[in-house]
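Ligands are counted one by one from 1 in listed order, and the atoms in each one are counted from 1 as well. Just so it is clear, the structure is predicted and the values come from calculations on it, not from any experiment. All heavy atoms count here, side chains included; hydrogens, waters and symmetry mates do not.
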Amino acid sequence: MTEENRDVVVFPDLDAVSEEAARRFVAIANDAVAQSNRCTVALAGGSTPERLYRLLASERYRDTVPWASLYLFFGDERCVPPDDRESNYRMAREAMLDHVPVLPEQVFRMEGERDPQSAAMTYDATLGDAFSLTPGRVPHFDLILLGMGPDGHTASLFPETEGLEVTERLATANYVPKFDSWRLTLTYPVLDAAMHVLFLVGGAEKADAVQHVIEGPFDPSAYPAQGVRTPEGMVTFLLDAAAAEKLTSVH
Ligand code: 6PG
């Protein structure tokens with residue numbers, strides 16, 4: 001990934017990261033809608049983005065988002081029912097979707113309750129339909145939100161897992177040995193085709209991974225977040241000070 005399409009910005013804490021992410025979300029969404037009458041976003045899972053989702057649904061931001069023209073997808077999902085406490089969809093629904101004016105047909109969840117391979121094939125087709133893709137084409141999301149784990153994983157692309165090698169599908173089921181469980185995830189071709197990728201990363205436990213991903217040798221098998229490179233777009237890391245602690249090149 002060349003420097004001109006990657007940016008790293010450090011904030012004092014996760015609240016400040018989330019505020020910046022909200023500002024960028026609003027700007028990207030309104031620009032996309034102005035250009036093409038719609039905005040496509042893949043939401044991140046885990047716990048970090050919850051603050052952002054609550055902010056976007058808050059009095060301060062809700063009316064600045066063009067919700068009627070937004071189409072919301074997911075970057076990954078745990079293989080659990082949508083009302084499970086582990087579900088990324090449940091987190092996004094409780095933090096945002098239930099509190100903003102989006103219609104069910106604007107939200108495309110990954111069906112974690114189904115057989116993983118079938119659910120991945122269904123999501124592949126869902127993306128094909130939603131983006132009117134001809135065979136072999138890849139969707140260009142306006143925005144993909146991502147997190148990063150302490151091991152450098154992103155979405156559900158975990159180190160040394162088979163999902164890292166999947167390039168002929170848009171979504172895949174990925175077995176994660178460390179959890180002895182399956183996950184559903186977008187694949188690198190989709191992540192790499194985004195116009196904007198925003199990583200939201202906070203906490204000292206991620207400082208090592210952040211340093212490797214941003215400053216270390218290119219080794220996406222070990223640090224999958226490093227594999228997200230958008231030749232046509234921009235990858236921005238929004239970090240809190242704790243997660244950025246071990247960076248040497250960012251002041
Ligand atoms: C998931 C996420 C995953 C997440 C990281 C960071 O399903 O867990 O998609 O990639 O972004 O694990 O998780 P936290 O934000 O909880 O630290």
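Nearest to atom 9 (O) of ligand 1 among the protein's heavy atoms is Asp76 OD1, 2.6 Å. In terms of protein heavy-atom proximity, atom 15 (O) of ligand 1 is nearest to Thr48 OG1, 2.6 Å.
Ligand 1 places these atoms under 4.0 Å from at least one heavy atom of Arg183: 1 (C), 7 (O), 8 (O). With ligand atoms numbered from 1 in the order given, ligand 1 contributes 11 (O) to contacts under 4.0 Å with heavy atoms of Gly147. Below 4.0 Å from some heavy atom of Asn88 lie the following atoms of ligand 1, by number and element: 1 (C), 7 (O).
Taking only nitrogen or oxygen atoms, main chain and side chain alike, Arg78 reaches within less than 3.5 Å of ligand 1. Below 3.5 Å of separation, one finds an N or O of Ala155 facing an N or O of ligand 1.
Side chain of Asn174 to backbone of Arg183: no donor-acceptor contact under 3.5 angstrom is found.
Under a cut-off of 6.0 angstrom, the local environment of CD in Glu205 is crowded, with over 12 non-hydrogen atoms contributed by other residues, nucleotides or ligands. Counting non-hydrogen atoms of other residues, nucleotides and ligands closer than 6.0 Å to CZ of Arg137 gives a total of 12 or fewer.
Among residue pairs with one or both ends in residues 30-64, none qualify as ring pair (Phe, Tyr, Trp, His ring centres under 6.0 Å); sequence neighbours excluded. Within the structure, ring pair (Phe, Tyr, Trp, His ring centres under 6.0 Å) pairs that include any residue of residues 103-143 comprise Phe73-Phe108, Phe73-Phe131, Phe73-Phe141, Phe131-Phe141 (at least two apart or interchain).
For atom 5 (C) of ligand 1, the candidate residues are Glu77, Glu205, His153; the nearest heavy-atom contact is made by His153.
Salt bridge absent: Arg90 and Asp83 never bring a charged side-chain N and a carboxylate O closer than 4.0 Å. In this structure, Asp84 does not pair ionically with Arg78, as no charged nitrogen and carboxylate oxygen lie closer than 4.0 Å.
Contact annotation: for Met148 versus ligand 1, heavy atoms closer than 4.0 Å belong to the backbone alone. Under 4.0 angstrom from ligand 1, there are no non-hydrogen atoms of Ala44.
Geometrically, Arg109 does not engage Phe74 in a cation-pi contact defined by less than 6.0 Å to the ring centre and at most 45° from the axis.
The closest approach between a heavy atom of Lys206 and any atom of ligand 1 is below 4.0 Å. Ligand 1 has no atom lying under 4.0 Å from any heavy atom of Gly75.
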